[in-house]
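Working notes for the structure below.
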Protein chains: 6
Amino acid sequence: MVVRPSGRDFDQMREVKITRQYTCHAEGSVLVEFGNTKVICTASVDASVPRFLRGKNQGWVTAEYGMLPRSTGSRMDREAARGKQSGRTQEIQRLIGRALRAAVDLEKLGEHTIQIDCDVIQADGGTRTASITGACVALVDALRYLQREKMIKSDPLKQMIASVSVGVYQGQPVLDLDYPEDSSAETDMNVVMTAQGGFIEVQGTAEGAPYSQEELFAMLELAKKGCNELFAAQMQALAE
Amino acid sequence: MVVRPSGRDFDQMREVKITRQYTCHAEGSVLVEFGNTKVICTASVDASVPRFLRGKNQGWVTAEYGMLPRSTGSRMDREAARGKQSGRTQEIQRLIGRALRAAVDLEKLGEHTIQIDCDVIQADGGTRTASITGACVALVDALRYLQREKMIKSDPLKQMIASVSVGVYQGQPVLDLDYPEDSSAETDMNVVMTAQGGFIEVQGTAEGAPYSQEELFAMLELAKKGCNELFAAQMQALAE
Amino acid sequence: MVVRPSGRDFDQMREVKITRQYTCHAEGSVLVEFGNTKVICTASVDASVPRFLRGKNQGWVTAEYGMLPRSTGSRMDREAARGKQSGRTQEIQRLIGRALRAAVDLEKLGEHTIQIDCDVIQADGGTRTASITGACVALVDALRYLQREKMIKSDPLKQMIASVSVGVYQGQPVLDLDYPEDSSAETDMNVVMTAQGGFIEVQGTAEGAPYSQEELFAMLELAKKGCNELFAAQMQALAE
Amino acid sequence: MVVRPSGRDFDQMREVKITRQYTCHAEGSVLVEFGNTKVICTASVDASVPRFLRGKNQGWVTAEYGMLPRSTGSRMDREAARGKQSGRTQEIQRLIGRALRAAVDLEKLGEHTIQIDCDVIQADGGTRTASITGACVALVDALRYLQREKMIKSDPLKQMIASVSVGVYQGQPVLDLDYPEDSSAETDMNVVMTAQGGFIEVQGTAEGAPYSQEELFAMLELAKKGCNELFAAQMQALAE
Amino acid sequence: MVVRPSGRDFDQMREVKITRQYTCHAEGSVLVEFGNTKVICTASVDASVPRFLRGKNQGWVTAEYGMLPRSTGSRMDREAARGKQSGRTQEIQRLIGRALRAAVDLEKLGEHTIQIDCDVIQADGGTRTASITGACVALVDALRYLQREKMIKSDPLKQMIASVSVGVYQGQPVLDLDYPEDSSAETDMNVVMTAQGGFIEVQGTAEGAPYSQEELFAMLELAKKGCNELFAAQMQALAE
Amino acid sequence: MVVRPSGRDFDQMREVKITRQYTCHAEGSVLVEFGNTKVICTASVDASVPRFLRGKNQGWVTAEYGMLPRSTGSRMDREAARGKQSGRTQEIQRLIGRALRAAVDLEKLGEHTIQIDCDVIQADGGTRTASITGACVALVDALRYLQREKMIKSDPLKQMIASVSVGVYQGQPVLDLDYPEDSSAETDMNVVMTAQGGFIEVQGTAEGAPYSQEELFAMLELAKKGCNELFAAQMQALAE
């Protein structure tokens, strides 16, 4: 029987907290916490669209991601000072943007852009999945703002999305990897799902040995369980 | 019954060609063709390792990816002229490097780096999967070079890897998407496998509607079939 | 009689809060709040010095500054995505680093670098003065860490420093400008002082009409009052 | 009694020369010399304004600053070759631009931009103060050009500005620091004034020990004396 | 009597091959081979012109050049990854663009841009001269496309151009240097000519000792002979 | 009979002035003037060599080139602000470096680098030829410095070099083009020669119609005449 570093059960998530209106300027502002992983997710409304969408009667959702230099155990270089975003950063922000666009009917959004910013202030594994989960709540707040301000007529939200990581740790499929697990897991998989149970993204990477189809299926089951708990947390936060 | 733009069966790959010794300078040089998609994959041996590995008695495999500006239907900006690689390019080259490291025992490689370059000279969908499949053959040629030159003592090859794309096109799971399919598919999934049937990467993205677990499983079956054909093509090329 | 937008007296600071151990990884981590201005200040210890100081038996203190894109009323471009730090950012981080070096005996610090990061999560004027004031507390925590870990023998702290902005608003010298005042003040001056009453920096800029010597002296008096309140807040936080 | 390296009295400036029409293409072109510090200041007229000012019926004044690589004792890297301007360069050019905008009524300037370039061909301390002082003369020549060419109707010049450095050298407040003094002064302060005696900028930095209010006041008195001499030199040059 | 490393006569070119329609997307696509030097030259038609030519009723021809990282004996850094094109690359692509503009009547081209891309897939000396020679054929195909598509009314081709390198190798003027000759030649000269015998570019550089007027004249004679052979090869390819 | 815009004879150079010790810090510092073209050329001695030459018992000469933004009729962007050097700048500085290396015996130079900086303060055509001609004098001063300081034992100077432009203007070969001629010449050729009459560089470009062999020969004759006058001016300056 594998013991997880955190003592959690194999199918147990960390404590999840979602705090709305965390900062005061953004149309949507959420602090999301998956245990010690803490991310500020803001959604900013812009009354225009990127050049490639002009005149097409639709909106856009895009995302950027960053980590404070000392959000991690040892300090990372500041990307603004180095003058470029790492490949990892770009990969994550592309994933977040793609995932959130799946939540929105872009035609109903009209010619508005919602810019998502996910900034990690403390990292302990799972920053991209926490970002997606928190950003979806910030997105809903921004969509509510657009409706309240009569900038759009109907609700563009198609479905809530949430994301969680799963992996194989010492041969055992586990849910919601924290940093000690993530850095030694054989396989790491990030899953983005809809509240209706559909898949938006499945990204599974063997870090060491290849993984089998059985392990893949077991990880998917854990991911479904985790996402269901996240949808509940989102709903509770949005009801407050 | 869905008709694919190319007229292929839903589980039929495009014609695959693997040409070794395509250019004359590299230790491994392969032209890989998946139908109209053509990629030059070279493997270059460097008798040193990156700073973070120095003194650790192991080697490294890394990859870069590029497209000739007019490899595509309309000309793309040249990344060297724009002064940065796109997020897509970085994502692909990170994927290629990660996949090929799974093929190699880095300790047996000793303090050598194998630098993979995948340059697309003609694109018709599936450039990253063709790159991985061709690069693995170039990698083998570089490993043979190292052994022939007595730079290493034993063969670091752990397993062949190959990669193929699958997707859902007009509701039908299909194998090896070309550009017309790729640009209108609901779901696009890239799979990297080992010759023993293990998974190295599964990256499935819903471009439109979410995909179901049944579709996911159907795509995985197609991917297995495709990879098996690719392993055969690799073996044949390496036997020449 | 001039009424400040916030209703504060001309010599009244906003509420100041200094929270230590705000994030878990850094040797010093402080959330500093000047009213609605909120900055995370971390101090990271590195057991080396920049190249220009190697072999000189002294340490270094340096700083970087950033703002989350939506810390402000309208979203700013992310500097990491734009690929360079603005002139304003560089000016501020040079100021912070210079100010904090005045607090430390660099020889007693030995060959260690303390890297300060000031990241604004919510901005309402005075972000650079809040950064300096909070960073000095994070710095003390990092110096205590070095002593506790026996990495240095004696306390390198020479003196606490703090910083506040003063200005001329509608002809009235005022203390601690918030954003509505800052954006319409005739003169804006940032002052960095030591707890002993010495000046480290005085930077006064006429935004509209030039300012007179009388106004300059009045602003300096307000700055002294403000800094004294900040030193008390720092001491209280460090005593907890 | 402190002896200055140059033998000058504590309140004595270096010889100041202002040569107009130094190069032939610019609307205003000045060589300014503060002793061995030599700066070419040009003012270029552009019949447009930056995007953020379009349609606002006002003009703009902005500045750039550079040093020839071997203007200094040991060669500096060329910023164009390194691909970025240093923080120091940006800080100085922001200061020059801000200072010169204080000299001009931007509404009377109409929709024109005056671009100031200050290029140091020989450096011996005080390059930023010499730049501001010389650039103000080049600016006047550009404003005269605009009037002569009937591009504007009235003179936008509000007031002449000039700038000088002061400091504390071996405990003694001194005027107009040259490089040997600047590099070992305890305090360095740059002051920008108007011909009417108002302050545009006061930037005083303690390099070593903090400075007292008495020292601050003594430096301000020296700055006033120096600026008055500079205004006389500007007037004489403009009368020629 | 000097023996060339390749055994060729002093006035003998390497085998030249020009293959049209090498890739499928570009309006003109040519693989040009000068012995082991292989370059893919594409010509892409764009129905617009650069900003500086808008409204002038003329077209533009411009070029970019690149080398695959392992086109050379030892791997070069990828320029897209380094984030800038080398001075050599820029020099070559400026030369190619200038040379090809000499082949075209830009007014007859109308407001179209032809973008030339020369990408070296295998290098053995003379990549710039092969590029120019092959690109001229791709250019003709693009001009034919424009006429076939009725986008222009008359043929903008003024004259064919071709290019060859000559040099002084061990005191002997020789034609069409390959890499072993090029890297040890005393003088290297690239010549671009028109089919009518005029000169477009003569660029001769002494790598070691200066060259005499006699050597210069001898090299020019060889260049004429080489270009005539290249014009014949172009004509043959275009007739197919 | 063609009349040149300046009224000069077809074989007449502009007035040439070479002023040594123009700035005070550099080991060699020259102001060179070809009529209204004015360039500051400095030679800086560095007691090290680039990485690729370490341990080879030889020195290096390299060059950088820049133009002050308003050295030209209309202001150019500052390359340091744009973040990159133009292709033209790189081409010119590569030419200058190559030309000056031909003047020096790099082995006699020992492990020293001479860094040449050519900064154009006023441009009227021929900036690269003036730069080479002036830089060679600055180089000699730097070599004399090295000998005077006993840093090297023998004089590394092999030969003086000089450079001049020639061209075809309205069908007439002319010497030393100024800007009005340069911008409308059919052909522009830059020639670098040694004082012994050998060629270092010949770079002739047809801007409009191709040029004939007769024109090429006529231009070379003019270049010889011009360089001879430049060698005399260099000698006179070095004798002072």
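Letters A, B, ... mirror the listed sequences (proteins, then strands); counts begin at 1. Both backbone and side-chain heavy atoms feed into the values below; hydrogens, waters and symmetry mates do not. None of the values given here were measured: they were computed from a predicted structure.
- Among the residues in residues 60-79 of chain C, none has a non-hydrogen atom closer than 4.5 angstrom to a non-hydrogen atom of chain D.
- Interface residue C/Ser86: only backbone heavy atoms are found under 4.5 Å from chain D.
- Proximity to chain D is absent for every atom of C/Lys84, based on heavy atoms less than 4.5 angstrom apart.
- Heavy-atom neighbours of chain C within the stretch residues 179-196 of chain D, taken at a separation under 4.5 angstrom, comprise D/Thr194.
- Atom CD of D/Gln236 is surrounded by 12 or fewer heavy atoms from other residues, nucleotides or ligands within 6.0 Å.
- In terms of heavy-atom pairs under 4.5 Å with chain D, the best-connected choice from C/Thr89, C/Thr205, C/Leu216, C/Ile161 is C/Thr205.
- Contact check for D/Phe217 versus C/Leu220: side-chain heavy atoms found under the 4.5 Å cut-off.
- Applying a 4.5 Å heavy-atom cutoff, none of the residues of residues 50-58 of chain C approach chain D.
- For D/Glu221, the part lying near chain C is the side chain, with the backbone staying farther off; criterion is any non-hydrogen pair under 4.5 Å.
- What you find for D/Phe199 and C/Ala206 is that their closest heavy atoms are O-CB, 3.7 Å.
- The parts of D/Gln213 that come within reach of chain C are both its backbone and its side chain, each placing non-hydrogen atoms under 4.5 angstrom from that chain.
- With respect to chain C, the highest number of heavy-atom pairs below 4.5 Å among D/Ala209, D/Gly197, D/Gly87 belongs to D/Gly87.
- For the set D/Lys158, D/Glu91, D/Gln90, D/Gln85, the count of heavy-atom pairs under 4.5 angstrom toward chain C peaks at D/Glu91.
- Put simply, the side chain of C/Val202 reaches to within 4.5 Å of the side chain of D/Tyr211, judged on heavy atoms.
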CA sep, side-chain torsions, deciding dist, call: D/Glu201, C/Gln203, side-chain contact (heavy atoms from CB on, under 4.5 Å):
CA-CA 7 Å; D/Glu201 290 272 348; C/Gln203 295 198 341; over 6 Å; no

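- Within residues 94-119 of chain D, the residues approaching chain C closer than 4.5 Å by heavy atoms are, in numerical order, D/Arg94, D/Arg98.
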